[in-house]
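What follows is a set of notes on a single structure, which appears directly below.
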Amino acid sequence: MIHTPALADNELLAEFLHADCSTWMNQLEATALPLGMVLYASGHGSDYVYFPTTAIVSLPCLTAGGGTAEVAAVGKDGVVGVAAITGGRSATWGAMVQIAGAGFKVPAQVWKAEFDASGVVRHVTLRYLQSLFSQICQTALCNRHHSIERQLSRWLLHALDRLPGNEVVITQELIANALGVRRGGVTEGALKLQRDGVIHYARGHITVLDRRRLERCACECYGVVTRECTRLQPELLAA
């Protein structure tokens, strides 16, 4: 069944609805975000900004040799295409749909004009940007210092926070690309979690059986990012 997104399914759009930012929001367009769709490439700008609702978008950086690693991910908690409002027009990371779903898009120039004109939009967006930068910094630390099993556990927890239910539809290859590690390392980590009864993995479907144990398997980076995002989330949602 095709899910028809609602504006309130995205946390930033829900906050803007509370603040009655209806003029520019009338230009939002519901859009499908299929697996593998490139929203923009590294070093290139985008004509649109995207507000995912049920999709998760990966923000990967690439090496000259073709290596890749995810610096952050965006789901119902945020917006993709922040370079449109910072004045930089492009970013050193790209944006690709990692988990298929839906969302909304709006022309980048509309979003930039509203950001410049509206104190509410600017305030909420800047708070989100701070949480995004915190995620980027913590991901860099995690990728350098923590085991693949801990990184995998952290990644799964963040995915669950952005999705309904306890299932993540993704291949081990895509997870390996996100973490910047060998696929074999992800396989070993997933098998250990499965043997311990934490997850069940079959044909690109990861079902989390015991979230509490998964949290214990993850490094402290999950808690650091989650607490910071909670602290910075829009005031009306927090209330």
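As the structure is a computational prediction, the values presented were derived from the model and not from experiment. Positions are given from 1, in the same order as the sequence printed here.
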Is a salt bridge present between [X] and [Y], judged by a nitrogen-to-oxygen distance below 4.0 Å?
X: E215; Y: R212; result: no
X: R216; Y: D210; result: no
X: E188; Y: K192; result: no

Separation of [Y] [atom2] from [X] [atom1] (nearest 0.5 Å):
X: R231; Y: T226; atom1: CZ; atom2: OG1; answer: 13.5 Å
X: Q194; Y: I199; atom1: CD; atom2: CD1; answer: 6.0 Å
X: Q130; Y: L232; atom1: CD; atom2: CG; answer: 4.5 Å
X: L214; Y: L157; atom1: CG; atom2: CG; answer: 4.0 Å
X: L129; Y: S134; atom1: CG; atom2: OG; answer: 10.5 Å
X: N177; Y: Q98; atom1: CG; atom2: CD; answer: 9.0 Å

Quick one, [X] and [Y] - any side-chain contact, counting heavy atoms below 4.5 Å?
X: F51; Y: V106; result: yes
X: Q151; Y: N143; result: yes
X: L28; Y: L7; result: yes
X: C221; Y: H146; result: yes
X: R213; Y: D196; result: yes
X: T125; Y: F16; result: yes
X: C61; Y: S42; result: no

Residue pair I175, I170: steps toward the side chain to side chain contact (heavy atoms under 4.5 Å, CB included) verdict: CA-CA 7 Å; I175 296 177; I170 191 169; 3.7 Å; yes
Polar contact flag, side-chain donor to acceptor under 3.5 angstrom, E70-S58: yes
Please tabulate, for side-chain N and O atoms in residues 77-88, each donor-acceptor pair with protein atoms closer than 3.5 Å (sequence neighbours left out).
from, atom 1, to, atom 2, distance (Å)
D77, OD1, G75, N, 2.8
D77, OD1, R162, NE, 3.2
T86, OG1, A83, O, 3.3
T86, OG1, G88, N, 3.4

Matching residue for W155 among L160, V168, T139 - test: side-chain contact (heavy atoms from CB on, under 4.5 Å): V168
Validation row, ring centre Y50 to ring centre W111 under 6.0 Å: no
H145 atom NE2, neighbour heavy-atom count above 12 within 6.0 Å: yes
